Amino acid sequence: MKFATTRLAAAVGLSLTLGLAAVTAHAAPIVIKFSHVVADSTPKGQGALKFKELAEAALPGKIEVQVFPNSQLFGDGKEMEALLLGDVHIIAPSLAKFDRYTKKIQIFDLPFLFDDMAAVDRFQASPAGLGLLDSMKSKGIQGLAYWHNGLKQMSDNKDKLARPEDIKGLKFRIQASDVLEAQFRQLGANPQKLAFSEVYQALQTGVVDGAENPWSNIYSQKFHEVQKTIAYTNHGVLDYMVITNSGWWAGLPADVREALQKAMAGATEHANRLAADINERDRQRIADAGKAKIQTLSKEDLAAWRTAMQPVWKKFESGIGKDLIDSAVASNQPS
Ligand code: LMR
C-alpha cells in the first residue's frame, strides 16, 4: 500500500512537473511595448521605467515590458497610429497631441488656465478630469493615467524676452495643437507644428526662433544650448495621458490587466512625485551651464502675457465645453 501511494505520488509529481514544464515552454511572455519621445531622465522617462519594474515584478515570466525612449521606435505623428495598429501597446503623448481624437483634451493647452501643478493635479483627479480618460474609447483609445511633466517656459534666440511683444514676428515651434497655434498667432508670432525629435535641429539652424517646454525637456534635449533666453513664464502645462489600445487592453487576461493597472498606479505616483524635483533640478542645471539666460519676469510682465493670450480661451470654448473649463478654473482653489 505504502509502495502504491509512493508510486502514485511520484506519478502525480512527475505529471505535474511535466505539465508545468509544458506550460512554461509554451507560455511565452506577453510583450508590452511602451514607446515615448523624451529622455529616460525626464518625469515621463522615469515613469515608463518604473512601470516596467513594477509590472514585471508583479507578473514574473508572464510579461515583458520593452521601453523605447527618445522617439527610437515611433516619434510624434506616428506613435498614435502605431498604437491603433497594435505595433506598440502603451504610449504617453503630451495632452497637446490629442486634437485629432477629441476636442475636450484641448482644455489643457489653454494658456494660464492653471495657477500651479497642484491645481493641475486636482483637476486631473476630479470626476471631470478622470472622465477624459474614457473620452476616446470610440476611437479605440483607452486612457490609463495622467502623468505630470510641468509648466512650460518660453524660449527664443533673442537677448530680450520679457513681454509678449518681444516675440512678435518670430517663428515658434509648437506641438501638434490648434490651441497652441492660436496662442502664438494671438501674440503676432508664427507657429510651426514640428515633431519633438526635430526641435533641436530646427532651433539650431534657425528654422524656428523659439519654442516652449518645461525645464526637463529643455535640458535633456539641450535646447538651452541653441537658445539665448528662456523666460520663466509658466504660461501653460505640459502633461501626459498614458494611453493604450482599448481592444488590446480588453483582450488581456483579467489577472494580467489588473496587475498592469496596479503597476500603472504605482508608476503614476512615482512619476508625479518626481516631476517637480526633476524640473527644478534641470532649471538649476541650465542656470549653471550658463548658455542661455534665464529671464525672470515681474508681476506686470506676467500679467501682460496673460492678458495677451486670454482671447484664445473664447475661441476654443465651444469645442471644449464651458462646464469643463469652469471645473478646471475651480481646481485653482484648494478644496
Ligand atoms: C513636445 O513635443 O514638446 C513634448 O510633447 C514632448 C514630450 O513628450 O514631453
Side-chain angles (χ1 to χ4, degrees), residues 34-49 51 67-80 82-83 88 90-101 105-109 111 117 120 124 143-156 171-181 183-184 191-204 207-224 226-227 230 233-243 267-268 271-272 274-276 278-279 282-283 286:
F34 188 153
S35 168
H36 65 83
V37 300
V38 293
D40 282 337
S41 63
T42 60
K44 179 160 63 178
Q46 291 293 299
L49 292 173
F51 174 71
V67 177
F68 300 91
N70 278 320
S71 311
Q72 266 167 24
L73 190 61
F74 297 106
D76 285 335
K78 288 274 178 293
E79 62 176 14
M80 214 79 98
L83 184 84
V88 62
I90 302 181
I91 60 175
S94 139
L95 294 164
K97 295 175 183 169
F98 289 93
D99 268 13
R100 274 202 287 155
Y101 302 94
I105 295 178
Q106 289 183 325
I107 188 165
F108 289 99
D109 281 345
M117 290 306 291
V120 176
Q124 290 174 350
L144 298 175
Y146 287 108
W147 284 1
H148 293 329
N149 189 336
L151 297 173
K152 292 180 291 184
Q153 318 304 334
M154 201 71 90
S155 68
D156 73 16
K171 288 173 281 180
F172 270 77
R173 177 270 170 170
I174 54 164
Q175 305 173 78
S177 153
D178 291 347
V179 179
L180 299 180
E181 186 168 36
Q183 170 191 287
F184 280 99
Q192 198 169 321
K193 291 179 180 173
L194 278 180
F196 188 59
S197 58
E198 293 167 24
V199 181
Y200 178 87
Q201 214 189 353
L203 291 171
Q204 189 189 33
V207 166
V208 291
D209 302 295
E212 49 165 18
N213 246 297
W215 300 109
S216 60
N217 281 355
I218 296 174
Y219 181 76
S220 57
Q221 301 297 321
K222 300 189 167 61
F223 296 158
H224 61 293
V226 287
Q227 295 280 260
I230 306 169
T233 45
N234 279 345
H235 62 278
V237 64
L238 196 159
D239 263 18
Y240 308 106
M241 191 185 285
V242 187
I243 56 171
T268 300
N272 288 358
L274 292 184
I278 290 177
N279 276 294
D282 290 347
R283 187 194 62 76
I286 291 168

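Computed from a predicted model, the values in this text were never measured in an experiment. In listed order, ligands and their atoms are each counted from 1.
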Note to self: For Ile218 versus Gln153, what's the shortest heavy-atom pair and its separation?
What the structure shows: CD1-CB, 4.4 Å
Check: Which heavy atom in Asp209 sits nearest to a heavy atom in Gln227, and how many Å separate them?
Finding: O-NE2, 3.1 Å
Checklist line | From Thr42, Asn279, Asp239, residue fulfilling side chain to side chain donor-acceptor pair (under 3.5 Å) relative to Asn149 | finding: Asn279
Note to self: Using a 4.0 Å cut-off on heavy atoms, what residues surround ligand 1? Order them by chain and number.
What the structure shows: Val37, Val38, Lys44, Asp76, Ser94, Lys97, Arg173, Gln175, Phe196, Asn213, Asn217, Leu238, Tyr240
Margin query: For the backbone of Leu194 and the side chain of Arg173, can you confirm whether one donor and one acceptor N or O come within less than 3.5 Å of each other?
Written below: yes
Item checked: Close side-chain approach of Leu151 and Met117, heavy atoms under 4.5 Å -> yes
Margin query: Does the plane of the ring in Phe223 sit parallel, tilted or perpendicular to the ring in Phe196? Use 30° and 60° as the thresholds.
Written below: perpendicular
